[in-house]
Amino acid sequence: MNFRPLYDRVVVRRLEEEEKTAGGIIIPDTAKEKPSQGKVMSAGPGLPDENGKFRSLQVKEGDKILFGKWSGSEVTIEGEDLLVMKESDILGVLA
């Protein structure tokens with residue numbers, strides 16, 4: 001990827017959710033919500049502290065994360081739709 005996020009920002013690829021419910025009902029595209037799970041594709045160096053040293057982020061490339069419904073900014077990088085968000089928009093890392 002030819003994009004490097006700055007400071008505490010991360011680049012996230014949304015993970016697709018199931019196309020049908022637990023009961024077997026298929027959800028049409030028009031009724032689907034955008035997934036709130038994703039995979040971290042790239043992470044910035046973190047925020048600088050008082051001494052100018054960068055505090056590393058809690059997430060790293062490859063982590064599967066959960067984020068808020070309205071988190072991040074949608075961007076297209078190399079023809080792929082991705083999200084760029086601050087680390088504080090991430091709710092947690094999925095195991």
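What's counted below: heavy atoms across the whole structure, side chains too, no hydrogens, waters or symmetry copies. Numbers here simply count residues along the sequence, with the first being 1.
- Looking at heavy atoms from C-beta onward, Glu78 lies in side-chain contact with Asn2 at the 4.5 angstrom threshold.
- Asp89 is linked by a salt bridge (charged side-chain N to carboxylate O under 4.0 Å, His left out) to nothing, counting only residues two or more places apart in sequence or in another chain.
- Here the side chains of Arg55 and Asp49 are not in contact, with every heavy-atom distance at 4.5 Å or above.
- Once rounded to the nearest 0.5 Å, the distance linking NZ of Lys69 with CG of Leu91 reads 13.5 Å.
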With side chain to side chain contact (heavy atoms under 4.5 Å, CB included) as the criterion, how do Leu66 and Ile90 come out once you've worked through the C-alpha distance, each side chain's angles and the decisive distance to 0.1 Å?
CA-CA 6 Å; Leu66 185 66; Ile90 298 173; over 6 Å; no

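- Across all non-hydrogen atoms, the minimal contact from Gly38 to Val12 is CA-CG1, 3.8 Å.
- Other residues, nucleotides and ligands place more than 12 heavy atoms under 6.0 Å from the CZ atom of Phe54.
- Side-chain atoms of Phe3 and Leu82, non-hydrogen and from C-beta on, never get closer than 4.5 Å to each other.
- Here the options are Leu57, Val10, Asp8, the test is side chain to side chain contact (heavy atoms under 4.5 Å, CB included), and the partner is Lys86; only Asp8 passes.
- Side-chain contact between Leu94 and Gln37 is present, with at least one heavy-atom pair separated by less than 4.5 Å.
- At least one side-chain heavy atom of Glu87 sits under 4.5 Å from a side-chain heavy atom of Gln58.
- Ionic pairing of Glu80 and Arg14 is not present here: no N-O contact between side-chain nitrogen and carboxylate oxygen is shorter than 4.0 angstrom.
- Contact of the Val93 side chain with the Val59 side chain is registered, since non-hydrogen atoms from C-beta on lie closer than 4.5 Å.
- Shown here for Lys64 and Leu15, the closest heavy-atom pair between the two residues is CE-CD1, 3.5 Å.
- In this structure, CZ on Arg9 lies 9.5 Å from OG on Ser88, to the nearest 0.5 angstrom.
- Atom CE of Met85 sits about 5.0 Å away from atom CD1 of Ile65, to the nearest 0.5 Å.
- Minimum interatomic distance between Arg13 and Met41 (heavy atoms only, all atoms of both residues): NH2-CE, 3.2 Å.
- Between Ala43 and Pro5, the shortest heavy-atom contact is C-CG, 3.7 Å.
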